[in-house]
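The shown structure was predicted, so the numbers you read here are calculated from the model rather than taken from an experiment. To find a chain, count down the sequence lines: A is the first, B the second, and so on, and within it residues start at 1.
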Amino acid sequence: MKVTILLFGIVRDIVQSGSISLESDSISTVASLKTLLFEKYSKLKTYSNFSIAVNEEYVEDSYVLKNNDTVAIIPPVSGG
Amino acid sequence: MKVTILLFGIVRDIVQSGSISLESDSISTVASLKTLLFEKYSKLKTYSNFSIAVNEEYVEDSYVLKNNDTVAIIPPVSGG
Amino acid sequence: MKKENISILLTSEKLNIQTCYDFVQDSSCGGIALFVGTVRNLTKEKEVTQLDFSSYGPMAEKEMQKIAAQALEKFDILKIAIHHVEGELNIGDIPVIIAVSAPHRKAAFAACQFAIDTLKETVPIWKKEHFTDGEVWVNSTP
Amino acid sequence: MKKENISILLTSEKLNIQTCYDFVQDSSCGGIALFVGTVRNLTKEKEVTQLDFSSYGPMAEKEMQKIAAQALEKFDILKIAIHHVEGELNIGDIPVIIAVSAPHRKAAFAACQFAIDTLKETVPIWKKEHFTDGEVWVNSTP
């Protein structure tokens, strides 16, 4: 399965990229994607306090991803 | 003792005047002034639900008036 | 409590939101809460055609000043403006504007609500509503 | 809940208070509550020289729309505007405006507070504060 991952705020600075593409058979739920991300981008472990949105909606770790989903890593927001 | 009495809102309409002057030896407290007013302007009895201000400050019925005080009859306010 | 942090206005001119905002705005504040009263076209199902606000002017200004001073004492706010109109207003016109600036928004909201609530209780201003079939002093059912 | 009672804006242009006021104003409403965020010059005693707001644009607009829809459901209000800026701001600039009209003021205040509180929790917008000696993503101490 392939997903696009959008990065924002402090997480974008940590990974030094606004968007990454991940393709792996081990992706199923959001939780499994997180595990994969922490493996590939170990710097992310220093900042694991983020939420996940899929296709522009907040989801839980148990959410089951589909091929070509757009996943966003949402660090604590600070608008307003 | 002589006092000037300012009338506003519905009370002004009832008495049909914006200001009246009262001179009497029986004026001492605000309460005594009210009694006098109800005698002279019996229509006021139909609308006794008002507050009193003396020299632009709210006062209680026990407030002791001085000569030449400016008394205002303040019906329920409705600003805003 | 500093007097220069208070703007009180009782006027027969049109009120201006930007004027109130500009008065309270300050580089040390993070939020500004405003309340803008507007003339409604319906009070208890009757159509209001026009409103008249009359006041005991000097005392009204004193009471508005007191409310502002109390708000500055009670809440952690920076500046407050309380502007009120007298005279004739039409539907949609603005009888009152209250603006409050504060380092944090919670205090700004609380002070703004306190100010409008208290104004409606203590400031000697009276509203007469005109209907197609008569007129009434608001709050004054004898 | 009618969509025409909601105005959502995420823009790199300057926000305008009168625009928000004009959108929510209606002859059936008696009061309008507004919240205007402003850029403070001090966060924990450090001088902020500039701010950057970045957003996940499409999702931010959806979340702002959700907040507005929830406010219209939860409170007896008429219209709501939620406008937010993205890009660079200086001290005194306005990152956010929320305006709410209602027949009665209590609901307008409650909905306005609900909207700004929720916006600060859920809408994917991030603020980077620049100081004379560095910069920091607000709320993001790892």
Exercise. What part of C/Pro95 is in contact with chain B, defined as an atom under 4.5 angstrom from a non-hydrogen atom: side chain, backbone, both or neither?
Worked result: side chain

Problem set entry | Members of residues 16-25 of chain C whose heavy atoms come closer than 4.5 Å to chain B | none

Exercise. C/Lys120 versus chain B, heavy atoms under 4.5 Å apart: side chain, backbone, both or neither?
Worked result: both

Exercise. Would a 4.5 Å heavy-atom cut-off, applied to side chains only, mark B/Val77 and C/Lys127 as touching?
Worked result: no

Exercise. B/Pro75 versus C/Trp126: any side-chain heavy-atom pair under 4.5 Å?
Worked result: yes

Problem set entry | Proximity breakdown for C/Tyr56 and chain B, heavy-atom pairs closer than 4.5 Å | both

Exercise. Is it the side chain or the backbone of C/Glu121 that comes within 4.5 Å of chain B heavy atoms, both, or neither?
Worked result: backbone

For this session: To the nearest 0.5 angstrom, please state how far the CH2 atom of C/Trp137 sits from the OH atom of B/Tyr47.
Result: 11.0 Å

Exercise. Who in residues 50-63 of chain B is close to chain C, using a strict under-4.5 Å heavy-atom cut-off?
Worked result: B/Ala53, B/Asn55, B/Glu56, B/Glu57, B/Tyr58

Exercise. Below 4.5 Å, heavy atoms only, C-beta onward: do C/Lys128 and B/Asp13 meet side chain to side chain?
Worked result: yes

Exercise. Highest number of heavy-atom pairs under 4.5 Å with chain C: which of B/Gly79, B/Gly9, B/Pro76, B/Ser78?
Worked result: B/Ser78

Exercise. Roughly how far, to the nearest 0.5 Å, is the CD1 atom of C/Ile125 from the CD1 atom of B/Ile74?
Worked result: 11.0 Å

Seminar exercise, completed: Ranking C/Ile116, C/Thr122, C/Val96, C/Val85 by heavy-atom pairs under 4.5 Å to chain B gives rank one to C/Thr122

